[in-house]
There are 4 protein chains.
Amino acid sequence: MEDIIEEGKFVYIYLDERRQYLVQPKPNSKLATDLGEIDYNKIINQPFGYKGKTHLGADYYCLKPTTGDIMIGVKRKTTIVYPKDLGYLIFETAIGPGSRVIEVGTGSGALTYFLSKTVGPQGKVYSYERNEEFLKNAKENLEKLGCINIEFFLQDVSEKGFLQKEIDAVFVDVPEPWEIVPRAKPALKGGHYLVCWSPNIEQVKKTVDSLKENDFIRIKISEILQREILVRERGIRPKERGITHTAYLISACKIFSHPETSA
Amino acid sequence: MEDIIEEGKFVYIYLDERRQYLVQPKPNSKLATDLGEIDYNKIINQPFGYKGKTHLGADYYCLKPTTGDIMIGVKRKTTIVYPKDLGYLIFETAIGPGSRVIEVGTGSGALTYFLSKTVGPQGKVYSYERNEEFLKNAKENLEKLGCINIEFFLQDVSEKGFLQKEIDAVFVDVPEPWEIVPRAKPALKGGHYLVCWSPNIEQVKKTVDSLKENDFIRIKISEILQREILVRERGIRPKERGITHTAYLISACKIFSHPETSA
Amino acid sequence: MEDIIEEGKFVYIYLDERRQYLVQPKPNSKLATDLGEIDYNKIINQPFGYKGKTHLGADYYCLKPTTGDIMIGVKRKTTIVYPKDLGYLIFETAIGPGSRVIEVGTGSGALTYFLSKTVGPQGKVYSYERNEEFLKNAKENLEKLGCINIEFFLQDVSEKGFLQKEIDAVFVDVPEPWEIVPRAKPALKGGHYLVCWSPNIEQVKKTVDSLKENDFIRIKISEILQREILVRERGIRPKERGITHTAYLISACKIFSHPETSA
Amino acid sequence: MEDIIEEGKFVYIYLDERRQYLVQPKPNSKLATDLGEIDYNKIINQPFGYKGKTHLGADYYCLKPTTGDIMIGVKRKTTIVYPKDLGYLIFETAIGPGSRVIEVGTGSGALTYFLSKTVGPQGKVYSYERNEEFLKNAKENLEKLGCINIEFFLQDVSEKGFLQKEIDAVFVDVPEPWEIVPRAKPALKGGHYLVCWSPNIEQVKKTVDSLKENDFIRIKISEILQREILVRERGIRPKERGITHTAYLISACKIFSHPETSA
């Protein structure tokens, strides 16, 4: 039951507030830091929580990477959804273990990883991406993370739509969500949710218009702001500089609009 | 594969922005709204997304409740963790399907429900509560939600500690998290995370002090602010009034500090 | 040099956090509160800071109204500019004692009052309003406040423009600021500033477009959020509910665009 | 009545969003920018709003510096009060033309400049500073700005208190405001206001305690957050990074507590 650091699997090496590294240790290899080298042979097969010393004598700790560490730390070729944003959006859907979900815009695979975890081995993630290079990178990232419940599609959804039906949620991470909305409608179960996010307000407007035209209701738009608080001997206060905007978050529920399905 | 509205199971009835109800429909029973009555016999066994009319002719829609709807809507005897806060905190841990987690402060069971979903049928939630009435209410709530992977303990953790070891994450929702920290230490796996939240800054200070004394590292404190955006024909703007504070969120990682545990 | 409470002049009566009143005391008259009556005869001619007792024995204090109290407290027929917003905007102009400023949208006169104070007896405020009833109410408010450096105009500026030239700043508080911008251009000194505020983002877009077309530069758009902090024995924390949006604030600088004025 | 750029007086030179300079032009001197040199001889005696070209042909504009530009741009040896914060605080006092105010912590003189403008030629600013070097720098800054209504004191107020009585407002900008509060009490008029600001929450707690002990009432604590909005062809959205904390702002009103002053 102990959690052991394995060769090639992610570990989060923590020296101090400024020196933190998400790595996949290989035997006979080292991590170079400005406080000394860390010999991977020493940490492979140790339990998580292991405390070691660099060759210059600095303490380091081997932590389990959080879900957020992995989402932010995977090899990226695209921007990411921030934990604060995705964390909120998950609660705006009804998905859980066993759900079947669609993701549009595989990107670096960070969101795919989280969806894969959320739906679990009994669930399924259908992930669509139109850029071949992005998809290749994402597949590599997700293989390393051991995700086995994902099916990938190299396809432009705005043109061809989805192959699936009776889906529990659709996650849209493309610059033009409004083009995906009419495609998501036939794929999504009645009474279930589409979520998407966009940095610009014009994108929000177009997406909301498209949602209304396609009989989505309960449309909610939010922004989530995070502020870190510093608790130190010399005083408690919020951090002085930080992220002030990531994206506007949209969620909406599909209803049946055809007379035959609703009396 | 269709999602069907079942007797006694949650459904989210939506009339318009101001009229939304989380209900558990019983046969031969009705929901009274100021736009007319909704006959539950008409909606039981219909698919989610069903559109009906009240006896006064107003449209209503039967939606799948989101995870957030259920967390906010369960019968409450205590305050709740908000989706925006819990959504963020989940990413500060490493839990997923199969994880074994502890919750301190079952409260109304809203968080318990989310943890139960997150760890799935292969995982386990150990939920501690010192108030018998709260625990009874929470158990009733969670039974209705069909959660089967939860073990409850009527126990004051600050005195007796936890019965479990090698736990993947500890969620603390009590007014004195600093009393729980030393109890969580022996229960938690090395390199894994404790998270908690408190409305007041003094609670944050005491908890951080306790975390430091108990060899937790990577201590992060955040606050998450949500602002709803209104997208309407007459203009796009943030909502004028809203929630401006819920809680400060804390996460920290347990390390081994004794030579014998990390040689 | 002492500050004395005068008959008919504003005084801020403070009983506790929930009972605070901006009043203009008249002789032989009383203020009724749920903690008892306050006899105005007792407070007229007392110094500010005076502490008295209601006829039921509750303490009250006679405070000098702050500039914010008066701006928020004047008899209103329109929405107001919040101190947090106006306070910021003042710094985005170059006005001070002796300046000549234009205000479009006299409204209730709250902003007019602040501008009148800022430019002082050597300065001048030209205030335009198209609604006769608003203007009448504002004039009454400002008379009571003893403002003597204001000239009023009952006029629709979007059609006829301004009568003044070489103005130090233009403050625009109307729903369509973009209609005022081309009128403000010939009235404003080169290198000086126009400021305005609007609740909706579409208004911001149209105003910015108009500013660019009219050779304004250094266009800045901000929003100012205020959060109150509660410092009490039982804990320090931000207030749980509050105002989350008032207006977007815009400032911009007029430049000379004609060849003859710039080599 | 035209506003002319004078030798040695502040002018704000604007090339584009990234190139903006607050300068005091001297004859036969130049400003070097990476888009070419600006010859001061060309701009002295031109009206504000003047448009010129660098020797490499780039356009530049000579703008009137805003009050904010000057507060942020003066030669600094200390941190500054931000316009968003000070702008709000001014409304929490009752000062205007003719007021007599005390400032504790002259610092770089930025706040002193604003207070000097606010109280105008009929008013007076009494500015206290314990650091000789700061005071010398501030005096130089304020001389250049032509302020004539300021009296400076090189003095540690926490020990000796103030020389003035019947003051309209006290502005406290030192790390230990709670030491100043008992000194401010006898100097301030009854019913008038003390304001201060501090980055850390512990400072707030101590100051509030001191205010309560010294019979100040109507104690308000706020924080003011500013977020810049980008309005561009490719989309409208808030800036992605920015300032997330400056200081907690406190205001409070002095009352008479002695029996002889409040019958």
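Side-chain atoms are counted along with the backbone in the values below, which use heavy atoms only and exclude waters and symmetry mates. Throughout, protein chains are lettered first and strands after them, A, B, ... in sequence-line order, and every chain is numbered starting at 1.
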### Task
Can you sort out the partners of D:Lys239 under salt bridge (Lys or Arg N to Asp or Glu O under 4.0 Å), two or more places apart, ordered by chain and number?
D:Glu228

### Message
What's the separation between atom OG1 in D:Thr118 and atom CD1 in C:Ile90, rounded to the nearest 0.5 Å?
### Response
9.0 Å

### Task
Work out which heavy atom in C:Pro121 is nearest to a heavy atom in D:Gln122; give both atom names and the distance.
CG-OE1, 4.4 Å

### Message
What part of C:Val231 gets within 4.5 angstrom of chain D, counting heavy atoms only: side chain, backbone, both, or neither?
### Response
both

### Query
Closest heavy-atom contact between D:Ala94 and C:Lys117?
O-NZ, 3.5 Å

### Summary
Between the CD1 atom in C:Ile255 and the CG atom in D:Asp59, the distance rounded to the nearest 0.5 Å is 8.5 Å

### Query
Which bit of C:Tyr82 is near chain D, if near means a heavy-atom gap under 4.5 Å: side chain, backbone, both or neither?
neither

#### Entry: Within 6.0 Å of CZ in C:Arg232, more than 12 heavy atoms from elsewhere
yes

### Summary
Residue from D:Val204, D:Leu230, D:Thr93 scoring the most non-hydrogen pairs under 4.5 Å with chain C is D:Thr93

### Query
In terms of side-chain geometry, is the basic nitrogen of C:Arg218 or D:Asp69 positioned less than 4.0 Å from the acidic oxygen of its partner?
yes

### Task
Count the heavy-atom pairs under 4.5 Å between each of D:Gly98, D:Cys62, D:Gly191 and chain C, then report the option with the highest count.
D:Gly191

### Query
Side-chain donor-acceptor pair under 3.5 Å between D:Thr66 and C:Glu92, yes or no?
no

### Summary
Value for OG (D:Ser222) from CG (C:Leu225), rounded to nearest 0.5 Å, stands at 12.0 Å

#### Entry: Toward chain D, the part of C:Ile236 with a non-hydrogen atom under 4.5 Å
side chain

### Message
Shorter than 4.5 Å, heavy atoms on both sides: which option in D:Leu63, D:Leu89, D:Ile229 has the most such pairs with chain C?
### Response
D:Ile229

### Query
Say you draw a straight line from CD of C:Gln20 to CD1 of D:Ile217; how long is it, rounded to the nearest 0.5 Å?
8.0 Å

### Query
Between NZ of D:Lys84 and CG of C:Leu249, what distance do you get to the nearest 0.5 Å?
13.0 Å

### Query
Applying salt bridge (Lys or Arg N to Asp or Glu O under 4.0 Å), which residue pairs with at least one partner in residues 193-212 of chain C are found, sequence neighbours left out?
C:Lys205-C:Asp209

### Query
What residue in D:Pro83, D:Gly68, D:Ala169 has the most heavy-atom pairs under 4.5 Å with chain C?
D:Pro83

#### Entry: Straight-line distance of D:Asp85 CG to C:Tyr88 OH, nearest 0.5 Å
12.0 Å

### Query
When the aromatic ring centroids of D:Phe114 and C:Phe91 are compared, is their separation below 6.0 Å?
yes

### Task
Please examine the side chains of D:Phe256 and C:Pro47, heavy atoms only from C-beta on, and report whether any two atoms are closer than 4.5 Å.
yes

### Task
Under 4.5 Å heavy-atom distance to chain C, tell me which part of D:Ile95 shows up: side chain, backbone, both or neither.
backbone

